[in-house]
Structure formats: C-alpha cells, structure tokens
Amino acid sequence: DRDTDKKRIEELLEENMVLEIAQKQSMNESAHLGWELEQLSKSTDLADTRKSFVFELNECASSRILKLEKDNQSLQNTIQELRDASLTSRESSLKFVELEKENQQLSKKIEKLQNQIEKEKQSNQDLETLSEELIKDKEQLQVIMETLKADKDRQVQ
C-alpha cells in the first residue's frame, strides 16, 4: 500500500509539473499577446481603446493564472502533508481520490484558459484587420476631403 501510495504521489507530482508548465506557457502566450496588442495600439489612432483592452486581457489572464497557481500550490501542500503525516492507506486513498479530482478540475480550467486565449488571439486578429480597414477608410476620406476643399477653393476663386 505504501509503495502504491508513493507511486501515486509521484504521478500526482508529475501531473502538477505538467500543469505548471502548461500554466507558464499560458502566461507566456498572454504576455506575448499583450505585447502584440501594445505594438498595434502604438501604430493606430485607436491606441487608448486598445491599451484598455490589452490591460483587461492581461488582468483577466493574470487573475486566472494566479488562481491556478493557488490551486496548484494547495495541491502540492496537500501532497506534502500526506507524505509528512504518513496516513493510513484508506485515508490516503481517499485523499488521493480527492487530489485526482482536483487535478482533473485544474486540467479543465487550464484547457478552458487555453481555449479562451485562442479565442482572444482570433479576436485580436479580427481587431487588427478592422483597424487596418479603418485606417484605409480614413486615408481615403482624407483624400476625398482634400479634393473637396480644393474644388471649393476653386469655386470660391
């Protein structure tokens, strides 16, 4: 039973490590998306809107990541407590079932976060396309305005 418990603890530790890696990747992707949005916002007239969007996106991702980190830390603490306390096999089996459920929930949360990041990436691309179209429209309108002003000036003269 102890060997089984030790193996299970090792498996859970490995799962936690995988979750931590996925979490860090998610954080890196969020930071990169934020950076990309900031770069885009510098090149357009919509800078204020985009900066607030980037800020909200980063805050949202950061809060989710912090929550996942807390959950992960809680799981690691529980595993350590199990090691230290050397619980009976029945108690540790129940605890492992609990930890496994928590790990599954954490995995689902990470998957949801990754899906949301993908959706946000697509949304960012859509915003970029829209921004480019708006810039082109603005330039066309400026050309039309200049032409109309020149016509008006000719008519006045």
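All residue numbers in this chain count up from 1 along the given sequence. On a predicted model such as this, the values are computed, not experimentally measured, just so you know.
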| said: Quick check against the 3.5 Å criterion: does Ser107 have a side-chain atom that pairs as donor or acceptor with the backbone of Asn103? | reply: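 Judged by distance alone, yes, a pair lies under 3.5 Å.
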For Ser131 and Leu127, indicate whether the former's side chain and the latter's backbone hold a donor-acceptor pair under 3.5 Å.
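Pair absent, no side-chain N/O of Ser131 close to backbone of Leu127.
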Just by distance, no angles: are the side chains of Asn16 and Glu20 close enough, under 3.5 Å, to form a donor-acceptor pair?
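No - no donor-acceptor pair under 3.5 Å links their side chains.
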Taking the side chain as every heavy atom from C-beta outward, state whether [X] and [Y] have any pair of such atoms under 4.5 Å apart.
| X | Y | answer |
| --- | --- | --- |
| Asp126 | Gln122 | yes |
| Ser26 | Ile110 | no |
| Gln104 | Glu100 | yes |

Exercise for review: Verify the cluster assignment for Met17 and Leu12: are they in a single hydrophobic cluster under the rule of side-chain heavy atoms below 4.5 Å apart?
Suggested key: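 In one cluster: no.
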Between atom [atom1] of [X] and atom [atom2] of [Y], what is the distance when rounded to the nearest 0.5 Å?
| X | Y | atom1 | atom2 | value |
| --- | --- | --- | --- | --- |
| Ile117 | Met27 | CD1 | CE | 10.5 Å |
| Lys108 | Lys112 | NZ | NZ | 8.0 Å |
| Glu15 | Glu10 | CD | CD | 12.5 Å |
| Asp153 | Glu146 | CG | CD | 11.5 Å |
| Thr4 | Glu11 | OG1 | CD | 10.0 Å |
| Thr147 | Gln142 | OG1 | CD | 11.5 Å |

Practice task
Give the C-alpha distance, both sets of side-chain angles, the deciding distance and a yes or no for side-chain contact (heavy atoms from CB on, under 4.5 Å) between Ile135 and Glu139.
Solution key: CA-CA 6 Å; Ile135 290 171; Glu139 290 171 354; 3.6 Å; yes
Using 4.0 Å as the upper bound for N to carboxylate O, is an ion pair formed by [Y] and [X]?
| X | Y | result |
| --- | --- | --- |
| Glu118 | Lys121 | yes |
| Lys136 | Glu133 | no |
| Arg154 | Asp151 | yes |

Other residues, nucleotides and ligands only: do more than 12 of their heavy atoms fall within 6.0 Å of CD on Glu111?
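Incorrect, the count does not exceed 12.
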